[in-house]
Amino acid sequence: PCAGVTAWNALFKHGGLAENDFVLLEGTGGVSIFGLQFSVAAGARPIITSSRDEKLVRARELGAYGTVNYRTNAAWHDEVRAITGGAGVTHVLEVGGRETLPRAMRALGYGAHIAIIGGLSGFAANMPLGSFVGRGTSVTGIYVGSREDFVAMNAFITEHRLRPVID
């Protein structure tokens, strides 16, 4: 439930997810998979990364609009941007930290939202604030959510008949 509420808050409560928005999901962990399911159900266009092609195939089966293998493509941010037709993503569920944030920022569109959720590769001491300001980017730190958020998420899950992915 924690991964789900975290993704829910990042996309809906803080991000204002809307139909046709491009969403960048880093990796195929719990937060990203819930983010994928929520994005698809809301009519958004999720793009997900993984180091394993078989996980990207599964993500496509779950409705991913685009997939990128970050291990075989060091410039994965360029491929993400290309998938958006050059517009850039509207939302990022940032779980990687120091290693992924600079690339995710290069995949951003104007007025995008980055939800800082985790730091699997650690956190940087410096954040290039000019990159955020120049693109009208908003950044939110996400740490799970409230009971009300959990109830709202469950109502969405019920309405869209989502089934959590367990693997």
Side-chain angles (χ1 to χ4, degrees), residues 1-50 55-68 70 77 80-81 83-84 87-97 100-101 103-105 107-121 123 127 129 131-133 135-167:
C2 292
V5 175
T6 300
W8 170 265
N9 281 337
L11 292 171
F12 294 99
K13 184 175 181 179
H14 297 285
L17 181 68
E19 189 173 0
N20 293 316
D21 283 355
F22 285 107
V23 180
L24 173 58
L25 305 159
E26 297 175 348
T28 54
V31 171
S32 294
I33 294 299
F34 268 109
L36 172 63
Q37 291 183 290
F38 294 155
S39 297
V40 169
R45 297 177 283 184
I47 302 166
I48 195 163
T49 67
S50 179
K55 288 186 176 186
L56 295 175
V57 168
R58 180 69 174 124
R60 284 266 190 200
E61 292 169 355
L62 292 170
Y65 181 84
T67 59
V68 180
Y70 63 82
H77 50 279
V80 168
R81 190 171 262 296
I83 292 168
T84 70
V89 296
T90 315
H91 306 271
V92 176
L93 298 191
E94 176 57 53
V95 298
T100 57
L101 182 58
R103 288 183 176 90
M105 289 172 48
L108 291 177
Y110 184 80
H113 175 252
I114 299 176
I116 305 289
I117 296 168
L120 295 174
S121 62
F123 292 102
M127 290 196 64
L129 295 179
S131 297
F132 295 130
V133 174
R135 293 185 179 168
T137 303
S138 63
V139 180
T140 308
I142 305 291
Y143 185 75
V144 191
S146 67
R147 181 181 188 286
E148 291 80 19
D149 300 330
F150 184 70
V151 169
M153 177 197 70
N154 283 313
F156 184 87
I157 287 172
T158 300
E159 175 187 348
H160 294 279
R161 299 177 184 206
L162 299 180
R163 306 207 38 104
V165 176
I166 300 175
D167 186 25

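Since the structure is predicted, the reported quantities are computational estimates derived from the model, not experimental observations.
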What's the spacing between [X] [atom1] and [Y] [atom2] if we round to 0.5 Å?
X    : Y    : atom1 : atom2 : value
N154 : D149 : CG    : CG    : 11.0 Å
H91  : L24  : NE2   : CG    : 11.5 Å
I47  : F22  : CD1   : CZ    : 6.0 Å
D21  : S39  : CG    : OG    : 8.5 Å
I116 : I142 : CD1   : CD1   : 9.5 Å
I83  : T67  : CD1   : OG1   : 6.5 Å

inquiry  = Between E26 and V31, is the side chain to side chain contact (heavy atoms under 4.5 Å, CB included) condition met? List the steps.
reply    = CA-CA 9 Å; E26 297 175 348; V31 171; over 6 Å; no
request  = Any chance you could lay out the side chain to side chain contact (heavy atoms under 4.5 Å, CB included) test for I48 and T28, step after step, and finish with the verdict?
outcome  = CA-CA 8 Å; I48 195 163; T28 54; 4.0 Å; yes
Shortest non-hydrogen contact between [X] and [Y], atoms and distance:
X    : Y    : answer
P46  : V40  : CG-CG2, 3.7 Å
Y65  : R60  : O-NH1, 2.9 Å
L17  : A42  : CD2-CB, 3.8 Å
V165 : R58  : CG1-NH2, 4.5 Å
A18  : A44  : O-CB, 3.9 Å
G4   : M153 : C-SD, 3.3 Å

Hey, does the side chain of [X] reach the backbone of [Y] with a donor-acceptor pair shorter than 3.5 angstrom?
X   : Y    : answer
R81 : L108 : yes
T84 : V89  : no
Q37 : R163 : yes
S50 : G27  : no

ask   = Could you walk me through whether M105 and I114 pass the side chain to side chain contact (heavy atoms under 4.5 Å, CB included) check?
value = CA-CA 9 Å; M105 289 172 48; I114 299 176; 4.1 Å; yes
query = Do T90 and H113 have side-chain heavy atoms sitting under 4.5 Å apart?
reply = no
task = Specify whether F38 and F12 have parallel, tilted or perpendicular ring planes, treating 30° as the upper limit for parallel and 60° as the lower limit for perpendicular.
result = perpendicular
task = Determine, step by step, whether L162 and F34 satisfy the side chain to side chain contact (heavy atoms under 4.5 Å, CB included) criterion, reporting the C-alpha distance in whole Å, the side-chain angles of both residues, the deciding distance to 0.1 Å, and the verdict.
result = CA-CA 10 Å; L162 299 180; F34 268 109; over 6 Å; no
